[in-house]
2 protein chains.
Amino acid sequence: MASTIKDVARLAGVGVGTASRVISGKGPVAPETAARVQQAIETLGFRPSSIARALSRKSLDMLGVYVPQYQGLFHGAVLETIGRELREVDRHMVTASGGACGDARLQALDGIDFLRQRECDGLLLMSHELHDDDLRQLHAQMPQIAVLNRIVPGLESVCFSSDHELGGRLAAQCLLEAGHREVAIISGPHHAPDNEARLHGFLDTLGAAGVRVPSERIITGDFTPASGRAAAEALLARCGPAPLPFSALFCANDPMAIAAISVLAAAGLRVPEDLSVVGYDDCEFAAHVWPALTTVRIDIGAVATQATRDLINRCYGRDRPVIRDVAPELVRRQSVRRVDAA
Amino acid sequence: MASTIKDVARLAGVGVGTASRVISGKGPVAPETAARVQQAIETLGFRPSSIARALSRKSLDMLGVYVPQYQGLFHGAVLETIGRELREVDRHMVTASGGACGDARLQALDGIDFLRQRECDGLLLMSHELHDDDLRQLHAQMPQIAVLNRIVPGLESVCFSSDHELGGRLAAQCLLEAGHREVAIISGPHHAPDNEARLHGFLDTLGAAGVRVPSERIITGDFTPASGRAAAEALLARCGPAPLPFSALFCANDPMAIAAISVLAAAGLRVPEDLSVVGYDDCEFAAHVWPALTTVRIDIGAVATQATRDLINRCYGRDRPVIRDVAPELVRRQSVRRVDAA
DNA sequence: CTGAAAGCGCTAACAC
DNA sequence: GTGTTAGCGCTTTCAG
């Protein structure tokens, strides 16, 4: 059996109170006494029980984080960042993700409940399946939350996101500047607030330039490569074989863009010669596929950093610096090509 | 303040023991009494404190998992699986990953220590940076561990891995059958046991067919796309421009293969027309790039499943079914092409 | 500066 | 069946 603080106290010939003080490093202890306790700790190989400490201090020193899934480039970056930020302040995280099947919203609710049962000090939430109301309701019961990648009306102070509408505008501008006026879109899920924002920014900017996107050229995917493939196939089926009636394609994330390009290539269409493609996110692969993807960079890691720090500040009375705005940025690579005005 | 079991007991007019029994569902309770307690729980919105329970039962019902990083396709799948398996038995996981900088082995050791401090009931470990001895030593102190993706001599019973040597052989056979006799390799890190196993299987199979791979055609990467790109560039620089002195390239994982192909494409080399490429892992993108990657499928999720179940069985006296062998499998797609015997 | 003692909320004996 | 009680290992008053 592992030794306890009592053993340490006994061995050092002091009371448990004193032992506790030197272990936690807070409270006055005579240097000489401290040394004796330290000694006892070493010889016993004592490790304080975080559980007992938690019970008495009423905190496990941990934050819960919900992500719909661990897979994929996007969420990994988020977890990575959160974990790092937390360890810097000697806290940790428990994670929950959506289960295998069933309604995604229910899964999220369930995952959040799971985390609350675990008595997290706060929650970091990433989900586009949850309704605004779900989040507002949760916040009412548990104010220690931070919402990632979406802005919930009424909860602005705990929401952290890049400006996806601006991101959409950037993509549109890039295409417009290159002379494109006939475009198609592979969208993300329509209930995803971030997707809607970028789509809105994109369409609005296009519209301001007098460009309309007919609805049959907008296909909905779910952010996975497989859905990107299906969407591209649908687009091809719908718009007939080459020559395509559009010269540019905007995809709501890079994985779908990459998959779409592979479908296009299989159909004999070259990017960017026959079709320009703009992705979104700037995932790790964007720079490493052929052609390298022109995309809108979303620094989701930076967003996660701010959210985490803010939550740390609120939960632990810290004062970590948090920079609020993380601007999306267009990164030009090879998948967009200038086209002659007709 | 949240209500406690005492409040519930008082409201229901029973002793805490009884309340505890109905909450945990174990121990005899009269149905009528149980109903009263249940009622009290509802009206109070009572949630048992997992911390207090943990202190008294000496278990947080959680397993620790160490992965070098969250990012990337590979580790995400592992976490996904572990999380799911755990929730099925109402347990959860804490995760730790390597920090930003410094010696990767030290980071892993540090992460493991972090997990142990959190009093996990057991540890799932994924790291190719750790020495065999590190793991053996840890196991001596804490037998509740499971090691993923490598087989440590002396620790076979707690190690779970696909047969990477066989995986390497599969890749070699595929190339040999297609008539290739001049090959190049982009390897993973040489201290990674899984990489070494697949390389060994690959080279050995080639060797048995009388094919040798000159050392200047073996470049070492670190499994990231960026390293795959660098490796491919080095290969090109080393072996001059087209025509290449080799007709096939084996990459130790798919992300490096994808990046390598993009470099090749940029240099005007077509896959598979000018060069055949075989990847490894069958990551999510393998089927969705152009050309679709012929690769060796490693079902890392299945490996994680077995490991997790086995650890659950050991830690919680369960008896979940665990199937031991997960065989690698060649999946033929478009990146390999038959070549005429010279 | 230090020791004693009272919890933290729950579980598990143990009597009734 | 049910109530009482003694811990689990630590933190935190509170005297001394």
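Since the structure is predicted, the reported quantities are computational estimates derived from the model, not experimental observations. Basis for what follows: all heavy atoms, side chains included, without hydrogens, waters or symmetry-related copies. Order of the sequence lines sets the chain letters (A, B, ...), proteins ahead of strands, with each chain counted from 1.
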Whole-Å distance separating the [atom1] atom of [X] from the [atom2] atom of [N]:
X         : N       : atom1 : atom2 : value
Lys6(B)   : dT5(D)  : NZ    : C1'   : 12 Å
Arg10(A)  : dG3(C)  : CZ    : C1'   : 15 Å
Asp61(B)  : dT11(C) : CG    : C1'   : 13 Å
Glu32(A)  : dT2(C)  : CD    : C1'   : 13 Å
Glu119(B) : dC8(D)  : CD    : P     : 15 Å
Ile51(B)  : dC10(C) : CD1   : C1'   : 12 Å
Asp7(B)   : dC10(C) : CG    : P     : 9 Å
Leu55(B)  : dG7(D)  : CG    : P     : 14 Å

- Item | Sub-4.5 Å side-chain heavy-atom contact between Thr33(A) and Val14(A) |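 Yes, close enough: below the 4.5 Å cut-off.
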- Message: Do Val78(A) and Val65(A) make a side-chain contact, defined as non-hydrogen atoms from C-beta onward lying under 4.5 Å apart?
- Response: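 They are not in contact (no side-chain heavy atoms under 4.5 Å apart), so the answer is no.
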- Centre of Tyr316(B)'s six-membered ring, under 6.0 Å away, within 45 degrees of the axis: is that where NZ or CZ of Arg314(B) sits?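 Arg314(B) over Tyr316(B) ring: no.
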- Between the side chain of Arg21(B) and the main-chain N/O of Ala19(B), is any donor-acceptor distance below 3.5 Å?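 No, because the side chain of Arg21(B) does not come within donor-acceptor range (under 3.5 Å) of the backbone of Ala19(B).
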- Message: Please check: side-chain N/O of Arg309(A) versus main-chain N/O of Ala307(A), any donor-acceptor pairing under 3.5 Å?
- Response: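 Judged by distance alone, no pair lies under 3.5 Å.
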- Query: OP1, OP2 of dG9(D) versus side-chain N and O of Lys58(B): anything below 4.0 Å?
  - Reply: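 Result: yes.
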- Summary of protein contacts for nucleotides 11-16 of chain D, nucleotide by nucleotide, where a base hit scores B, a sugar-phosphate-only hit scores S (4.0 Å, heavy atoms): BBB---
- Give the minimum heavy-atom separation between Arg320(A) and Glu85(A), together with the two atoms involved.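 Heavy-atom minimum between the residues: NH1-OE1, 3.3 Å.
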